[in-house]
Amino acid sequence: MILTKAQYDEIAQCLVSVPPTRQSLRKLKQRFPSQSQATLLSIFSQEYQKHIKRTHAKHHTSEAIESYYQRYLNGVGRNGAAPVLLDLANEVDYAPSLMARIILERFLQEHEETPPSKSVINSMLRDPSQIPDGVLANQVYQCIVNDCCYGPLVDCIKHAIGHEHEVLLRDLLLEKSLSFLDEDQLRAKGYDKTPDFILQVPVAVEGHIIHWIESKASFGDECSHHAYLHDQFWSYWNRFGPGLVIYWYGFIQELDCNRERGILLKACFPTDIVTLCHSLA
Amino acid sequence: MAAVLESLLREEVSVAAAVRWIARSAQSSEVTAPTRPQAWPESAFRDDPGEAAALSSLRPLRKEFVPFLLNFLREQSSRVLPQGPPTPAKAPGSSAALPGRPGGPPRGGRGARSQLFPPTEPSSTAAAEAPSARRGGRRRGPGPGRERGGRGSGGLEEGVSGESSPWAGGRRPRGSGSPGSPSLARSDPPNLSNLEEFPPVGSVPPGPAGTKPSRRINPTPVSEERSLSKPKTCFTSPPINCVPSSQSSVPDTSPWGHGLPPGCRSLQEEREMLRKERSKQLQQSPTPACPTSESGSPLPSRTGNLTAEPADPARVSSRQRLELIALIYSSCIAENLVPNLFLELFFVLQLLTARRMVATKESDLEPIPGALDSLESPLFQSVHDCVFFAVQVLEHQFQVLSYLDKGTLKLLAENERLLCFSPALQGRLRAAYEGSVAKVSLAMPPSAQAVSFQPETDNRANFSSDRAFHTFKKQRDVFFEVLREWEDRHEEPGWDFEKGLGSRIRAMMGQLSAACSHSHFVRLFQKQLLQMCQSPSGTGGTVLGEAPDVLSMLGADKLGRLRRLQERLVAPQSSGGPCPPPTFPGCQGFFRDFILSASSFQFNQHLMDSLSLKIRELNSLALPQPEPSDEDGESDVDWQGERRQFAMVLLSLRLLAKFLGFVAFLPYRGPEPPPTRELQDSILALRSQVPPALDVRALLQQGLRARRAVLTVPWLVEFLSLADHIVPLLDYYRSIFTLLLHLHRSLVLSKESEGEMCFLNKLLLLAVLGWLFQIPTVPEDLFFLEEGQLDTFEVDTVTSEQGLDGMPVVDQHLLYTCCPYIGELRKLLASWVSGSSGRSGGFVRKITPTTTTGLGAQPPRTTQGLQAQLAQAFFHNQPPSLRRTVEFVAERIGSNCVKHIKATLVADLVRQAESLLQEQLVTQGQEGGDPAQLLEILCSQLCPHGAQALTRGREFCQKKSPGAVRALLPEETPAAVLSSAENIAVGLATEKACAWLSANITALIRREVKAAVSRTLRAQGPEPAARGERRGCSRACEHHAPLPSHLISEIKDVLALAVGPRDPEEGVSPEHLEQLLGQLGQTLRCRQFLCPPAEQHLAKCSVELASLLVADQIPVLGPPVQHRLERGQARRLLHMLLSLWKDDFQVPVPLQLLLSPRNLGLLADTRPREWDLLLFLLRELVEKGLMGRTEIEACLGSLHDAQWPKDFSEELATLFNPLLAEPHMPEPQLRACELVQTNRGTVLAQS
């Protein structure tokens, strides 16, 4: 699903200040029936993350935290079974899982002698049963299962999607009999930067030489693509030469501008792969 | 000097004798010192006694003859070439007479060099002016010769150029260019006996002095503050439109036309005058009436005054004299008595293509009666004379010409003047053109690829710490980021390297703290340099020779126009005349600027170390072995390879050496030489203490001895070209220059005897050396002052075996790649055709010599084992490819052997280490004690096994080498040769491998075991369960199961619905739940796409789902409204889950979550409470062995901590106590639980 910048902007425009709930997703799908759901979800997730990055700081001032905590306490005081925390997050336009983290941290500060370590908090978020307060545990759990952009479950889903596409790509490479080294093998050899696959014998795709392939199970928008270029793709080029990036959920067409430079973008596994002919005779 | 010429002209002395005389002066040490004439050897005068007598009186002048001749010719041609392409061909010493040839930009720079002599000038008006005049256009003002004097009298010239220097005087007055000298010359015929007063012959043109000033015009604006210094940018050519083309533009009032009296006239004014003058000339210009040729004069030229005057052989004046001088001039060229062969050729071609004589009155051209044979009358009285002379010289130089590129040959062969004056030469040139083939095209790899990451040198093991490793990782990326940005932007106007990238580069360099990191970065830098700049395209060199061929296909009539177009296209790439300054074209600029911007002492030092090492390595590389140039046909393929390899090595060396020179002399580089003698002396004293960055003298000496000059000298020249002004004055480097001068002199092209250097090899060396002698930092007097012991030199080379020098390793392509300035000849000829004026000039060279230092002692012969000698002997009579193959195989097999040992023996030991460690951990508990201690224990057990490596290594080499050799050698290789080759390969490979192994095996084992230990210890921590057998579905699996991510997402949605909040119309259907669990089963059984974290989350979600089922919290969708799940359906779903947990999950399922306070709390909140599903589930868990009773007990125990409603706790206790107490009787518990049910009354189906 390759979108032009204009198409992408139209979608992104609709996502401003939409809470990360399943209801929102449903509406989005209705609004853009022709786009694939995975692409929409990926764009939605990225846009929402950008939004959170922009507003993150204001939710973390001590005043804000205190006010949220008081509202939480008041809320559960009135009715512990009501979705207090989730409603609060939606009301102040913040991710429920992250709101849960703020409140949990604050709660632990109050109830424990030592300030809680990050790992303790992460562990409690992963398994709210460990939260000493039953009501809070339920509230946190509710936030986590209802958040479709943040939280341990979402992280796991994203990770799983990434892994699945790598496996998919590996199978496609095997199917085409292209020999490669995968990330694990590269790491074992001590490579400092490791794309998903390095081809042991380069191939040509659409006339461009390809030494490595990186699988990205997300939509390639400007922000993420530039970050990837800086942190990964150019680094791969710097070590292994030109290569191919597959954005399985599509990308903004205009970003595919480094082909001559040695970074080729595709939204699927290439069909016209030219390999080196070993025996011409 | 003029006396000598006069003698020649009068035929008192034969040309041959004269050349012998000159050459001897240049070669014989005894003769050269003018202060010891008594040492003159008898042998010097074995010639005709008459001749000897004629010459003997002039002996102190011998060394001066060549500079005199060159200057004489330049001066004589001054009226002819004003508007042609600039003549760089100003000879040393004389330049004073001819400063600032119009449009001779480089000459500005060059001019400065010729001042070597002025300081000793006797007082005269000329003396004062000489220095500034020499400086050519560059320093226009009547600059005092002071600084020159200071310099000239120091160092090299000391004792030679003192006031008493007999030859200094002869030239000086002539060069003075003072307004008075012409008249002086005219009135007083040369008094040969008074050398001091010998008039400047060359400066006596018959025409009015006013014709000369134009030659002084140099459009380069001169800044006053430079007047005392050598020009900084002396080499840059002025833009073409600045080149004044008419000599008459400068009024006669300008004495000797110091072009622009300082501050008096702007360039613009001058140009304006030129324009007027030009249009005047245009009107007057005669119609071309030259013997026509295919592409000649009929062409309209761009500007009127460029119209060429026809040249007619019939109108040549004093043929004989011209012939004679041409002969002696050619002889000097042939004997390498001139500093730069190609500069002379350029000059000659300028004469050939001279467009017209400077406007003079016809009467001026009338020969002075009786003066024909003397130097009284001008040598070139007309264009006809020039062309005649040029063609004469070209005839003598045919051999060199025939090696020029196809394009030049074609232009020469098509030159109508040449055809007119010497049809024979034209025929030979045409034949040479037709026979010329491009011999080798260097197949260079495309540039701009990044240096690849090589684990052997780049992985963590090569760094001192994790931090260093990661820092370098970042640096690599920053480096390429900077490089990419440079590629994108460096051509943008206004972009500045330092401004754009400087701070980023310095920030990056600042992170390189550890020395080891520096060496890594330097390696990257150097590799990238080689990768990007080695190919000619990377250096900005132009492709040669092809265009004219294309043009010729297009038809002759369009030729001129096309050529003009071509010229315009080609010209901007001009490399800056026949003697361009050293530059960093193309990508090289990036690396130079990087070094400058980084301005890091550590970096520079590491870079020098690394460059030096690489240079040594490449310089000593065994290239084509001395042998079969006599093999024919089949060996051609080999030779292509040899040549290509040679070219690659040579170009790499030149590049590396240039950068080494750049970095090494960077701290000393300044635009100008030291201003005073005292300062210079103190600098010399200091600098002579500093050892050279690389012992280039030793390498040069070795190169000469091993007859590998053709490889060594070109890179050495690159290195020296970047030296600062002081370098040539240092003893160490002076001795190098002396060696180079001897070499230069010895490279006589016409000598073609056994053991001589190949022609193109010589030509390459002559070209690069000639170029070096013109570099501004090289003292101008160096070339002509040299005097040396040729004996040492010759003996050394003769005794050595045949080396690279005797092999045809250089081809035309390589020659032009290394010396793109030779292409200026073609441009000059092309501009003749196109009517444009070339823009480039060259610089004028000067003269000077040095004392000789003996060559270093020959290093002792390395003692080699008899076997090695036999192997050498074996290769001696085999084709070089055999040796290369064997060495290659040995090298590779040896290296593979080491890798093989690593992968087998060492890997086995590492596995042993791992299992030993496991045991250790089991016996000593989780932590296993101190890792360092553990490592020691393991190593002490394992390292002794390393001894096996040698045996195994030997076996490996024995097994692998012969096959490889056999596969690579020709089928027809005789059996004995083959088996010897195999044996040698085995031996060499074994030697290589075993040497490495015996030195490194222990360290290697240690390193690998250490890595394994830390790996194992790390792995001790989290997810030990994940280590188990993973991945792997049944063979028949087609991987169509739903993706794990999809399932997690779906289950998450169900959980979210159950937990709420939810819309009234939201819910799930029992079928959907059933389907979901079915899919989960498929996914867990397929496993293709499953990764441990996903499986863990699935396990957890499934337990959460079970809890919700047990607590009856799943909102079921469907007619008519949301309702609860039926117990039967719930039970069926729980059964499915139980079977997934038991059979399909491979990660631990967190079943204890079922009894977590939170999940039990779900039950607590329901009214009435229904325990049956929970009890059912627990019983099944126990039965299936998924949970033990004690485990359940523990969970229940912890429940007491939680705050429950009181009745709930009681119910819990009532229910669970019997369950736990009577494990083998599930029925009663069930009944008991049913007893608790109050209203539902549902008896669960047991089936």
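Keep in mind that the numbers below use all heavy atoms, side chains included, and drop hydrogens, waters and symmetry copies. Here is how names work: the chains are called A, B, and so on, in the same order as the sequence lines, proteins then strands, and each is numbered from 1. Predicted, not measured: the structure shown is a model, and the values here were computed from it.
Between B:R476 and A:S235 the shortest side-chain heavy-atom distance does not fall below 4.5 Å. The closest side-chain heavy-atom distance from B:C1091 to A:V167 is not below 4.5 Å. Proximity of A:D155 to B:P1093: side-chain heavy atoms (C-beta onward) are nowhere separated by under 4.5 Å.
For B:S1045, the parts lying under 4.5 angstrom from a heavy atom of chain A are both the backbone and the side chain. For A:I161, the parts sitting under 4.5 Å from any heavy atom of chain B are the backbone and the side chain alike. Proximity to chain B involves both the backbone and the side chain of A:P128, based on heavy atoms less than 4.5 angstrom apart. Neither the backbone nor the side chain of B:F479 comes within contact range of chain A, judged by heavy atoms closer than 4.5 Å. With a 4.5 angstrom heavy-atom cutoff, A:E166 does not touch chain B via any of its atoms. Of the two parts of A:R26, only the side chain, counted from C-beta on, holds a non-hydrogen atom closer than 4.5 Å to a non-hydrogen atom of chain B. In this structure, the portions of B:L1057 lying under 4.5 Å from any heavy atom of chain A include both its backbone and its side chain. Residue contact with chain A, scored on non-hydrogen atoms closer than 4.5 Å, involves the side chain of B:L1153 exclusively. Residue A:D127 touches chain B through both its backbone and its side chain, counting heavy-atom pairs closer than 4.5 Å. Proximity to chain B is limited to the side chain of A:H230, based on heavy atoms less than 4.5 angstrom apart.
Around CD of B:E1038, the count of heavy atoms belonging to other residues, nucleotides or ligands within 6.0 Å does not exceed 12. Around atom NZ of A:K189, no more than 12 heavy atoms belonging to other residues, nucleotides or ligands sit under 6.0 Å away. The number of heavy-atom neighbours closer than 6.0 Å to CD of A:Q37, taken from other residues, nucleotides and ligands shown, is 12 or below. For NE2 of A:H208, the number of neighbouring non-hydrogen atoms (other residues, nucleotides, ligands) closer than 6.0 Å is greater than 12. Applying the 6.0 Å contact sphere to NZ of B:K1010 captures no more than 12 heavy atoms from other residues, nucleotides or ligands.
Shown are B:L483, B:D477, B:V478; of these, the side-chain contact (heavy atoms from CB on, under 4.5 Å) with A:N238 is made only by B:D477.
In summary, A:R261 and B:D488 engage in a salt bridge, as defined by a charged side-chain N under 4.0 Å from a carboxylate O.
Closest approach of B:R1158 and A:S129 over heavy atoms only: NE-OG, 3.8 Å. Of all heavy-atom pairs between A:C156 and B:H1097, the closest is SG-ND1, 3.1 Å.
Judged by distance alone, the side chain of B:K1052 and the main-chain N or O of A:I144 form no donor-acceptor pair under 3.5 Å.
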For this session: Kindly determine whether B:E1066 and A:R22 satisfy side-chain contact (heavy atoms from CB on, under 4.5 Å), including the steps that lead there.
Result: CA-CA 11 Å; B:E1066 283 184 311; A:R22 60 182 185 280; 3.1 Å; yes

Problem set entry | Intermediate values then yes/no, side-chain contact (heavy atoms from CB on, under 4.5 Å), A:V145 and B:E1104 | CA-CA 11 Å; A:V145 293; B:E1104 300 282 357; over 6 Å; no

